[in-house]
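Please read these numbers as outputs of a predicted model, since none were measured by experiment. We name chains A, B, ... by the order of the sequence lines, and we start the count at 1 in each one.
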Amino acid sequence: MDPYKLKKDFPVLSDETLIYLDTAASSLKPNQVIKKLDEYYEKYSVNVHRGVYNLSYVATEMYEESRRKVSEFINADFNEIIFTRGASSALNLVASSYGLNNLSSTDEIIVSELEHHSQVLPWQNVSNITKAKLIYVPLNKEGRITIENFKKVLNKNTKVVALNYVSNVMGYIAPIKEIIKLSHEVGAIVSVDAAQAAPHKKIDVKDLDCDFLSFSGHKMLGPTGIGVLFGKRELLDNMPPIEFGGDMNDNVNLYEASWKEVPYKFETGTPGIAGAIGLGAAIDYLDNVGLDEIAKHEYKLKEYTVNKLREIDDIIIYNESAETGIISFNIDGVHPHDAVTFFDGDNICMRAGHHCAQLIIKWLKVPATLRISYYLYNTIEDCDKFIESVKNARDFFKSVGF
Amino acid sequence: MNNLEILYRQVIMDHYKNPRNKGLLNDNGYKTIHIKNPTCGDDITVQSLIEDGIVKDVRYDGTGCSICCSSASVMSETLIGKKKEDAKKIAETYINMLTNKEYDETVDLEEAVVYQGVQKFPARIKCASIAWKAFEGTLESE
Ligand SMILES: Cc1ncc(COP(=O)(O)O)c(C=O)c1O
């Protein structure tokens with residue numbers, strides 16, 4: 001893959017001075033996706049599943065075609081794909097529907113301090129309501145979830161395991177396949193947060209044998225406001241809807257109603273039609289480039305950068321061994337918000353803060369971190385400019401007395 | 001010097017390294033307001049003591065970036081000894097200045113005027129205003 005060529009597909013990068021290193025928060029969008037959104041709005045911007053006229057038929061076909069693309073993207077069955085607002089909504093759906101209806105006070109839910117708030121808080125809520133116990137996998141000294149530590153908390157009371165596939169702060173890949181296997185042996189189900197995995201890594205839900213898997217469109221070149229929940233058919237069939245309204249019902253009477261089959265019983269209201277169609281175009285784009293190639297490229301840039309950063313005094317890297325394109329770091333003695341303003345001055349977009357993952361930031365015992373994340377449109381020149389900027393930032397802050 | 005350098009070289013580093021009036025008091029005469037910016041982690045508590053219409057004391061404590069912490073320190077020095085009404089006016093003027101709104105340029109902001117430079121860094125306006133907002137809160141809770 002050629003990042004120089006790919007870059008040209010991204011209109012935001014037509015500003016050649018801009019260095020975009022915040023893909024973990026949201027990726028940029030290529031023309032191919034933007035055009036697809038325009039096409040929907042210009043040619044068939046009508047509702048789905050309702051009209052019996054031709055345009056509505058076309059919109060429905062396009063929307064459902066995207067569902068097919070998503071299902072193939074992760075090797076799921078068509079009906080196992082629920083469109084949501086994003087990974088957060090998908091993760092909440094699992095907790096609110098499966099969690100609130102299947103757990104009680106003798107049960108245990110395993111999470112970790114490495115989770116994004118959208119994975120841990122819904123289960124905290126389930127735990128508060130059902131009195132099921134929330135159990136944290138102890139992280140190893142690098143901050144990783146390991147099989148050895150996972151086994152320490154897994155037991156016959158475990159009913160739900162809710163963990164990330166790739167951490168948005170540390171960029172570690174969790175040994176999720178083995179976690180799933182072990183969890184199934186004790187009869188627990190596993191909900192995988194794949195928000196940082198799906199954009200970078202081939203996922204096969206049948207091979208993983210995961211019960212639920214969630215991700216967002218906007219982190220993988222797609223539009224905002226669209227996300228995906230995969231769930232195993234037999235689980236979804238037995239779960240109640242958590243939102244009620246138009247389009248999700250079958251027969252409506254005065255005091256009861258029945259629901260459509262999955263996935264539709266979970267998709268009430270007018271869905272994010274344009275978003276879903278745009279996500280289909282993003283998947284085409286990623287398929288064309290190849291996720292394996294993308295992952296290799298990001299990792300190469302990350303290794304290159306880490307090696308250079310190591311040579312700079314006063315730079316603390318928190319995740320040197322990460323297998324993906326994410327680097328979390330700080331300049332010793334400089335608050336990340338002070339630092340990020342310097343980088344902004346060099347037109348480098350990156351994140352400073354707790355990255356919606358306060359538990360791992362507390363675990364690291366720092367107020368916040370700086371984070372960069374690479375994607376297919378980043379080049380070695382981006383790395384060099386970033387590294388130069390880190391040096392200058394360090395020198396600047398030391399010179400004014402930090 | 002670039003904008004950033006100007007910002008930091010002036011009072012900010014001095015107050016960041018040597019904060020004045022820092023540390024809270026356990027005294028019922030003081031009004032206390034705590035403000036947290038959850039997106040960036042700035043977390044400031046401000047206390048004010050008003051007697052006979054005069055700002056007798058301003059204290060604060062908290063954690064945050066240099067702009068946040070130094071602005072609390074500068075604020076305390078600027079406001080202590082002012083009439084309550086004048087302090088209120090200064091705080092209002094300061095916040096208007098930061099947020100690029102029209103403000104009364106005849107109001108003397110003293111050292112706090114250097115934070116005008118923060119205008120050029122819109123993402124940092126919150127950092128520079130959080131302590132002042134908390135101070136305004138203490139006056140309202142009077
Ligand atoms: C690991 C992880 N999980 C979940 C989410 C939530 O995604 P969204 O904000 O798109 O719902 C994010 C995004 O920040 C993430 O990085």
Might you point out which heavy atoms bring B/Cys65 and A/His337 nearest each other, and give the distance in Å?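 Smallest interatomic distance, heavy atoms only, reads CB-CB, 3.9 Å.
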
Kindly compute the distance separating NZ (B/Lys17) from CZ (A/Phe402), expressed to the nearest 0.5 Å. 7.0 Å

Counting neighbours of CZ on B/Arg20 that are heavy atoms of other residues, nucleotides or ligands and sit closer than 6.0 Å, is the number greater than 12?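 Yes, CZ of B/Arg20 has more than 12 neighbouring heavy atoms, counting only those of other groups under 6.0 Å.
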
Around atom CG of B/Asn18, are there more than 12 heavy atoms of other residues, nucleotides or ligands at under 6.0 Å? yes

A/Lys398 atom NZ: more than 12 heavy-atom contacts under 6.0 Å: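 Yes, enclosed.
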
Check whether more than 12 heavy atoms from other residues, nucleotides or ligands sit under 6.0 Å from atom CG of B/Asn26, and answer yes or no.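 Not buried by this count: 12 neighbours or fewer within 6.0 Å.
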
Taking atom NZ of B/Lys82 as the centre, does the number of heavy atoms from other residues, nucleotides or ligands within less than 6.0 Å exceed 12?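 Counting other residues, nucleotides and ligands, NZ of B/Lys82 exceeds 12 neighbours.
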
When only pairs under 4.5 Å are counted, which of A/Ala339, A/Ser399, A/Gly345 shares the most heavy-atom pairs with chain B?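 Maximum pair count with chain B is reached by A/Ser399.
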
Measure B/Thr63 against the heavy atoms of chain A and call it side chain, backbone, both or neither at under 4.5 Å.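 Neither; nothing under 4.5 Å.
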
Report the relative orientation of the aromatic rings in B/Tyr8 and A/Phe396; use parallel for angles under 30°, tilted for 30 to 60°, perpendicular for over 60°. perpendicular

If you take all heavy atoms of B/Arg124 and A/Asp338, which pair is closest and at what distance?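 Closest approach of B/Arg124 to A/Asp338, heavy atoms only: NH2-OD1, 3.0 Å.
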
